Amino acid sequence: MNSIIKKIEDEQMKAEVPVFNVGDTVRVSAKIKEGNRERIQVFEGTVLKKQGTGVRATFTVRKLSSGIGVEKTWPIHSPIVEKVEVVRRGKVRRAKLYYLRNRTGKAAKVKELVK
């Protein structure tokens with residue numbers, strides 16, 4: 001990779017990266033800009049997938065809002081993402097949980113990981 005691009009990407013990386021896995025229920029605090037005001041909006045849901053490495057790494061979170069599935073994808077190192085809190089750990093055996101898109105209600109739940 002070009003050394004100039006690598007240097008720019010290293011500057012964009014966050015010092016502390018939150019530790020979470022696919023299947024975890026997370027609460028993502030994101031900065032929302034409305035006009036000249038800025039506020040933090042919380043999006044809570046299940047992590048469907050994590051992909052990419054370095055500064056290009058992203059994760060997708062899915063939640064049900066009024067019976068409709070809503071998915072959002074965020075870059076992990078984005079300055080828009082204020083923090084990611086893990087609400088509960090999920091017990092899954094897959095890297096991508098696309099099958100949750102076809103399920104509703106209790107069938108769309110992921111079992112909790114008990115240690």
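Here the structure is a predicted model, which means the values were calculated and not measured.
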Of all heavy-atom pairs linking V26 and V47, the shortest is CG2-CG2, 3.7 Å
- Where does the angle between the aromatic ring planes of F59 and W74 fall among parallel (under 30°), tilted (30 to 60°) and perpendicular (over 60°)? tilted
Quiz prompt | Distance-only polar pair, side chains of T73 and T60, donor-acceptor under 3.5 Å | solution = yes
Taken to the nearest 0.5 Å, the spacing of L64 CG from L100 CG works out to 9.5 Å
Separation between NE2 (H77) and CE (M13), nearest 0.5 Å, reads 4.0 Å
Heavy-atom nearest pair, K50 first then K96, reads O-NZ, 3.4 Å
query = Sub-3.5 Å donor-acceptor pair from the side chain of D24 to the main-chain atoms of R89, do we have one?
reply = no
Go through I8 and I5 one step at a time and tell me if the side chain to side chain contact (heavy atoms under 4.5 Å, CB included) criterion holds.
CA-CA 5 Å; I8 293 170; I5 294 172; 5.8 Å; no
* Asked: Within 45° of the axis and under 6.0 Å from the centre of the six-membered ring of F43, does NZ or CZ of K63 qualify?
  -> yes
* Are the side chains of R39 and E34 in touch, meaning some heavy atoms are under 4.5 Å apart? -> yes
Given side chain to side chain contact (heavy atoms under 4.5 Å, CB included), test R56 with E9 step by step and report yes or no. CA-CA 9 Å; R56 296 182 184 95; E9 286 183 350; 2.7 Å; yes
All heavy atoms of V70 vs all of S65, minimum pair found to be CG2-CB, 4.0 Å
Take I80 and I32 through the test side chain to side chain contact (heavy atoms under 4.5 Å, CB included) and record every step on the way to the result.
CA-CA 8 Å; I80 293 172; I32 304 293; 5.9 Å; no
Notebook entry, point to check: Do V17 and V55 belong to the same hydrophobic cluster, where Ile, Leu, Val, Met, Phe, Trp and Tyr are linked whenever their side-chain heavy atoms lie under 4.5 Å apart, directly or via other members?
Noted result: no
Between E82 and I40, the two heavy atoms sitting closest are CG-CD1, 4.0 Å
Minimal heavy-atom distance between R103 and A107, with the atoms involved, is CD-O, 3.3 Å
**OP:** Check the surroundings of atom NZ in K14: do more than 12 heavy atoms from other residues, nucleotides or ligands lie under 6.0 Å from it?
**Re:** yes
Other residues, nucleotides and ligands only: do more than 12 of their heavy atoms fall within 6.0 Å of CZ on R94? no
Would a single hydrophobic cluster contain both L48 and Y99, if residues Ile, Leu, Val, Met, Phe, Trp and Tyr are joined by side-chain heavy-atom contacts under 4.5 Å?
yes
With F20 as partner, the option from V61, V84, V28 fulfilling side-chain contact (heavy atoms from CB on, under 4.5 Å) is V84
Nearest heavy-atom approach of V92 to V22 is CG2-O, 3.2 Å
Considering only NZ, NE, NH1 and NH2 on the basic side and carboxylate oxygens on the acidic side, decide whether E85 and K83 come within less than 4.0 Å.
yes
side-chain contact (heavy atoms from CB on, under 4.5 Å) filter on E44, not counting sequence neighbours, yields T25, R27, V87
Practice problem: Considering only NZ, NE, NH1 and NH2 on the basic side and carboxylate oxygens on the acidic side, decide whether E71 and R101 come within less than 4.0 Å. | Solution: yes
